[in-house]
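Heads up: the structure comes next, in structure tokens.
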Amino acid sequence: MALSQVEVLPNGLTLAVEERPWMPGVALQLLVPVGAVNDPEGMEGAASLLEGWLWKGAGSRDARALADAFDDLGVRRGSSSALEHTTFAAQFLAEKLPAVLSLYADVLMRPHLPAEALEAVRQIALQELASLEDQPPKKMFAALRQAVFASPHGRNPSGKKAHLEAMSAEALRRDFARRYAPQGAILALVGGVRFEQAREAVLNALGEWSGPGVSYPPIELQPVHAIHLEQDSAQVQIGLVYPDISFDHPEFYSARLAAQVLSGGSSSRLFTEVREKRGLVYSVYAAPNGVKGYSYLTAYAGTTPERADETLKVMQAEITRLSEGVTEAELERTRIGLRAALVMQDESSRSRAASIARDLYLLGRVRPLEEIEAQIAAVDVPRINRYLAANPYQNPWIATLGPRKLAVTE
């Protein structure tokens, strides 16, 4: 099994390379710490606008020539801005690494940011924000995150309409110069490239990238409470957030396996009890989630107004019932499912590059697959049941969206 080599370069950029010499291609994942959480006050959505604006020309190329240059190198690429990072992902042939990095250096260090292109980027961002009205679950969860966090971690990465409309080209250029920097950025490469070869190419392309960057604000939570979003709709959206243990906690995989028992497929407890036995919902699930420094378990159900009160009651009862323990059969089934997902993820260089970057961000190190598998295997029934008894899921933040407030949240 290949191991990742990690080095913090002189300019502060963290480089991680996992050599897979049998592969002809390379997957790239670059996390730049520019997200909604550190958008300037009064400029919520700035990270989103900058991510789109960066592609409107860089270095010696206008927008069309820049796109053509990536295509000429056979690069499959994408980028996005989220709560904590702006992410650049790409896949390409290994021998193209220096040329590909040169193009990314232009985007990160020498973007044109032309004023005449900003309005088109702004309109796309406004359309994305408006699309929340057509996506009730997403709208509900955006409101729920604001109910959980008092700090900017509760922001919607899409921004605020008034802020998006008001941001000027000059203000955004100043924000770019302040936040786009190598400090805290993470570049992961997986595939047919040697570490020394990759390091040299990265230093040649990005060695002059400089700047202190910005930090993240401290996490602040709201008091636990319930919120309701009134909407005349044929369905009710229900969301729950339970405090959970952090990514680096020694019982992390006890919690991860417990979440799989709740929502790991058609034999899971939520699916069986809420959907199959009672026919209460068209969709129900639970999943671990969080930001750096605070983890939580998210649960969701979509149902009809007539069945919404019972749905919420049964969901909470099933999640609370975890504290009574799981069976050997449940644990074995979820352990197999989780290990299979990890193995398949590891086989994808793109997924592996993403997990390396995520590990470095959350843990400051890269976990080999063998370590994760050993931690999963070490969780037996007595251990997980001790953990669940001592750490029951209870007292969640609750959000509902639909035609009326639910009785059980009043």
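Since the model is a prediction, treat every value here as computed from it, not as a measurement.
- Of the charged side-chain nitrogens involved, none lies within less than 4.0 Å of a carboxylate oxygen, so that D380 and R383 do not count as a salt-bridged pair.
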query: Hey, mind stepping through F195 and E19 against side-chain contact (heavy atoms from CB on, under 4.5 Å) and telling me if it holds?
result: CA-CA 7 Å; F195 177 80; E19 299 178 3; 3.5 Å; yes
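- Relative orientation of the F141 and Y300 rings is tilted, given thresholds of 30° and 60° on the angle between their planes.
- Using a 4.0 Å cut-off between charged side-chain N and carboxylate O, R321 and E318 make a salt bridge.
- For the pair R179 and P40, the minimum side-chain heavy-atom distance is below 4.5 Å.
- For E273 and K277, the salt-bridge test passes: some basic side-chain N is under 4.0 Å from an acidic carboxylate O.
- Checked by atom type, the side-chain pair Q127/Q123 shows no donor-acceptor distance below 3.5 Å.
- In this structure, the separation between OG on S4 and CZ on R365 is 11.5 Å, given to the nearest 0.5 Å.
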message: As a quick check of understanding, evaluate side-chain contact (heavy atoms from CB on, under 4.5 Å) for T14 and Q183, giving each step before the final call.
response: CA-CA 8 Å; T14 298; Q183 287 289 340; over 6 Å; no
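- Ring centroids of Y216 and H153 are separated by 6.0 Å or more, keeping the two rings apart.
- The closest donor-acceptor contact from the side chain of R404 to the backbone of P305 lies under 3.5 Å.
- In this structure, the side chain of R20 does not engage the main chain of V193 through any donor-acceptor pair within 3.5 Å.
- Residue K292 places its NZ atom among more than 12 non-hydrogen atoms of other residues, nucleotides or ligands, all under 6.0 Å distant.
- Between Y104 and W209, the ring center distance fails the sub-6.0 Å criterion.
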task: Run the numbers on T298 and L240 for side-chain contact (heavy atoms from CB on, under 4.5 Å), then give the verdict.
output: CA-CA 6 Å; T298 299; L240 308 172; over 6 Å; no
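- Heavy atoms from other residues, nucleotides or ligands lying under 6.0 Å from CZ of R76 number 12 at most.
- Between S81 and P157 the shortest heavy-atom distance is O-CB, 4.5 Å.
- Using modelled atom types, one side-chain atom of N385 and one backbone atom of V326 make a donor-acceptor pair closer than 3.5 Å.
- Pairing each heavy atom of V381 with each of L331, the nearest pair is N-CD2, 3.5 Å.
- M315 and A301 make their closest contact through SD-CB, 3.3 Å (heavy atoms, listed as atom of the first residue, atom of the second, distance).
- Other residues, nucleotides and ligands contribute more than 12 heavy atoms inside 6.0 Å of the CD atom of E7.
- Taken from CG in L144 to CD in Q237, the straight-line distance is 12.5 Å, to the nearest 0.5 Å.
- Separation of the F247 and Y294 ring centroids does not fall under the 6.0 Å cut-off.
- Rounding to the nearest 0.5 Å places CG of N156 at 8.0 Å from CD of E128.
- Remark: F252 CZ to I376 CD1 distance equals 9.5 Å, nearest 0.5 Å.
- Side chain of R155 to main chain of A36: a donor-acceptor pair is present (N/O by atom type, distance under 3.5 Å, no hydrogens or angles).
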- request: Begin with the C-alpha distance, continue with both residues' side-chain angles, and end with the deciding distance and a verdict on side-chain contact (heavy atoms from CB on, under 4.5 Å) for V224 and I398.
  value: CA-CA 8 Å; V224 172; I398 303 173; over 6 Å; no
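- Residues I238 and L406 are in side-chain contact: their nearest non-hydrogen atoms beyond the backbone lie under 4.5 Å apart.
- Electrostatic pairing of K139 and D134 does not count as a salt bridge here, judged by no charged N lying under 4.0 Å from a carboxylate O.
- Looking at E119 and R122, a side-chain N of the basic residue comes within less than 4.0 Å of a carboxylate O on the acidic one, giving a salt bridge.
- Between the side chains of Y180 and D175, no donor N or O sits under 3.5 Å from an acceptor N or O.
- Within 6.0 Å of atom CZ in R350, 12 or fewer heavy atoms from other residues, nucleotides or ligands are found, so the atom counts as exposed in its surroundings.
- Side chains of Q394 and Q316: a donor-acceptor N/O pair is absent below 3.5 angstrom, by distance only.
- Ionic pairing of K56 and E51 is not present here: no N-O contact between side-chain nitrogen and carboxylate oxygen is shorter than 4.0 angstrom.
- Atoms CG and CG, from L31 and L360 in turn, are 9.0 Å apart once rounded to the nearest 0.5 Å.
- In the displayed structure, Q222 atom CD is contacted under 6.0 Å by more than 12 heavy atoms of other residues, nucleotides or ligands.
- Shortest non-hydrogen contact noted between L103 and L66 is CD2-CD1, 4.4 Å.
- Using a distance-only test at 3.5 Å, with no hydrogens or angles considered, no donor-acceptor pair links the side chain of S263 to the main chain of Q260.
- Considering every non-hydrogen atom in both A258 and L388, the closest pair reads CB-CD2, 3.8 Å.
- Here the CG-CZ distance, from L50 to R173, works out to 11.0 Å after rounding to the nearest 0.5 Å.
- Classification of E332 and R335 as a salt-bridged pair holds, one side-chain N sitting under 4.0 Å from a carboxylate O.
- Applying the 6.0 Å contact sphere to CZ of R194 captures no more than 12 heavy atoms from other residues, nucleotides or ligands.
- Formation of a donor-acceptor pair under 3.5 Å by the S158 side chain with backbone atoms of L129 is not found in this model.
- Taking the charged nitrogens against the carboxylate oxygens, K405 and E230 have no contact shorter than 4.0 Å, which rules out a salt bridge.
- Salt bridge status for E165 with K161: present, with a side-chain N to carboxylate O gap under 4.0 Å.
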